[in-house]
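Data block below; observations after.
Just so you know, these numbers use all the heavy atoms, side chains as well, and skip hydrogens, waters and symmetry mates. Just so we're clear, the structure is a prediction, and the values are computed from it rather than from any experiment.
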Amino acid sequence: MTKINLSKRLMTVANYIPKDTKVLADIGSDHAYLPCYVCLKHEHVNAIAGEVNGGPFESAQQQVNQIGLKGQIDVRLGDGLDILKEGEADTIVIAGMGGSLITSILDNGRSKLSNVKRLILQPNIDAQSVRSFAKNYNFKIVEEEILDEEGYIYEIVVLEPDNQSTQYTPKELYLGPILLLKKPDAFYRKWENVLHKKEKLLNK
């Protein structure tokens, strides 16, 4: 069987994709590595790989064709959630962008979230924006992860629809309600870094 080697970051994202997912949408798919990995592992899953630029779109198409997953993965060219039909995807991944851009994509495409059971979001910076989206649009933060990969620290925020309108404090939105409970080593490394940078600025 063809094997896809994912980075630690994408493998962690993949681990949060529910096993009963029917249609996975990966927005900003980066060569469609994640959809290819998921579809090779789970034959029942169909996937949509979205790219906004022609070069990455063609690379994703080539990757899907080479692995022989053309019948399972649909590579689409378009902006954000515009590539989806209403209610088409039940799991959506947006990874490797800034938190404000992820939030903007979700905000602009809210009509496409009607059938979504899970959003798996990996902001490179500004995870607070993603958590604020959850608070403002009736999603609950069900899991969070922070990891260090080759000196870069990444946060993953997993959201699910929330009928109870869970409330979060400003501290929880900034640091992450679940990360505040877990507090792994990467959490301390990240915020010690931020503290040192802020102290330098204050000293200047």
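Partners of S114 according to the side chain to side chain contact (heavy atoms under 4.5 Å, CB included) rule, which considers only residues two or more places apart in sequence or in another chain, are E86. Applying the salt bridge (Lys or Arg N to Asp or Glu O under 4.0 Å) test to D82 and every residue at least two apart in sequence or in another chain returns nothing. Y188 is linked by a ring-ring contact (aromatic ring centres under 6.0 Å, His included) to nothing, counting only residues two or more places apart in sequence or in another chain. Taking Y154 as the reference, nothing meets the ring-ring contact (aromatic ring centres under 6.0 Å, His included) condition, with sequence neighbours excluded. Residues that satisfy the side chain to side chain contact (heavy atoms under 4.5 Å, CB included) test with A47, not counting sequence neighbours, are L24, P35, C39, I73. D162 meets the side chain to side chain contact (heavy atoms under 4.5 Å, CB included) test with K140, Q164, T166; sequence neighbours excluded. When the side chain to side chain contact (heavy atoms under 4.5 Å, CB included) test is applied to P177, the partners found at least two apart in sequence or on another chain are R131, I141, E144, Y168, E172. With sequence neighbours left out, Y137 forms a ring-ring contact (aromatic ring centres under 6.0 Å, His included) with F133.
Counting only residues at least two apart or on different chains, the salt bridge (charged side-chain N to carboxylate O under 4.0 Å, His left out) pairs with a member in residues 101-121 are D107-R110, R118-E160. Residues in residues 32-69 take part in these ring pair (Phe, Tyr, Trp, His ring centres under 6.0 Å) pairs, two or more places apart or across chains: H31-Y33, H42-H44. Applying the side chain to side chain donor-acceptor pair (under 3.5 Å) rule to pairs touching residues 87-104 yields T21-T91, R76-E88, S104-N108, sequence neighbours excluded.
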Under 3.5 Å, which donor-acceptor pairs link side chains of residues 197-204 to any protein atom two or more places apart or in another chain?
unit_1: N203; atom_1: ND2; unit_2: E199; atom_2: O; d: 3.1

Legend entry - Full working for side chain to side chain contact (heavy atoms under 4.5 Å, CB included) between L147 and E149: CA-CA 6 Å; L147 60 118; E149 183 174 28; 4.3 Å; yes

Inset, instruction - Just do the side-chain hydrogen bond (donor to acceptor under 3.5 Å, both in side chains) check on S129 and D126 with the steps written out, would you? - result: CA-CA 6 Å; S129 291; D126 190 21; 2.4 Å; yes

Inset, instruction - Check the pair I153, I146 against side chain to side chain contact (heavy atoms under 4.5 Å, CB included), reporting the backbone distance first and the verdict last. - result: CA-CA 7 Å; I153 292 179; I146 187 166; 3.6 Å; yes

Inset, instruction - Start with the C-alpha gap between N124 and M97, add the side-chain angles, then the distance that decides, and say whether side chain to side chain contact (heavy atoms under 4.5 Å, CB included) holds. - result: CA-CA 6 Å; N124 287 344; M97 306 177 197; 5.9 Å; no

Inset, instruction - Could you please spell out the steps behind the side chain to side chain contact (heavy atoms under 4.5 Å, CB included) verdict for V142 and L159? - result: CA-CA 6 Å; V142 296; L159 308 182; over 6 Å; no

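Across A60 and V75, no two heavy atoms sit closer than the pair CB-CG1, 3.8 Å. Across all non-hydrogen atoms, the minimal contact from Y174 to V194 is OH-CG1, 4.2 Å. Nearest heavy atom pair, residue Q63 against residue C36, reads CG-SG, 3.9 Å. Across G28 and E51, no two heavy atoms sit closer than the pair C-OE2, 3.5 Å. In terms of heavy atoms, N46 sits closest to G71 at OD1-O, 4.3 Å. Shortest non-hydrogen contact noted between A14 and L6 is CB-CD1, 4.2 Å.
A distance of 10.0 Å separates CG of L34 from CD1 of I4, quoted to the nearest 0.5 Å. To the nearest 0.5 angstrom, L179 atom CG is 9.5 Å from W191 atom CH2. The OG atom of S165 sits 11.5 Å away from the NZ atom of K135 when rounded to the nearest 0.5 Å. Distance CD/Q167 to CG/L173: 9.5 Å, rounded to 0.5 Å. Atom CG of residue N115 and atom NZ of residue K85 lie 13.5 Å apart, to the nearest 0.5 angstrom. In this structure, L121 CG and I156 CD1 are separated by 10.0 Å, a value rounded to the nearest 0.5 Å.
Across L113, I102, I94, a single residue satisfies side chain to side chain contact (heavy atoms under 4.5 Å, CB included) together with L119, and that is L113.
Between Q72 and D74, the side chains place no donor N or O within less than 3.5 Å of an acceptor N or O (distance only, hydrogens not considered).
Electrostatic pairing of K8 and E150 does not count as a salt bridge here, judged by no charged N lying under 4.0 Å from a carboxylate O.
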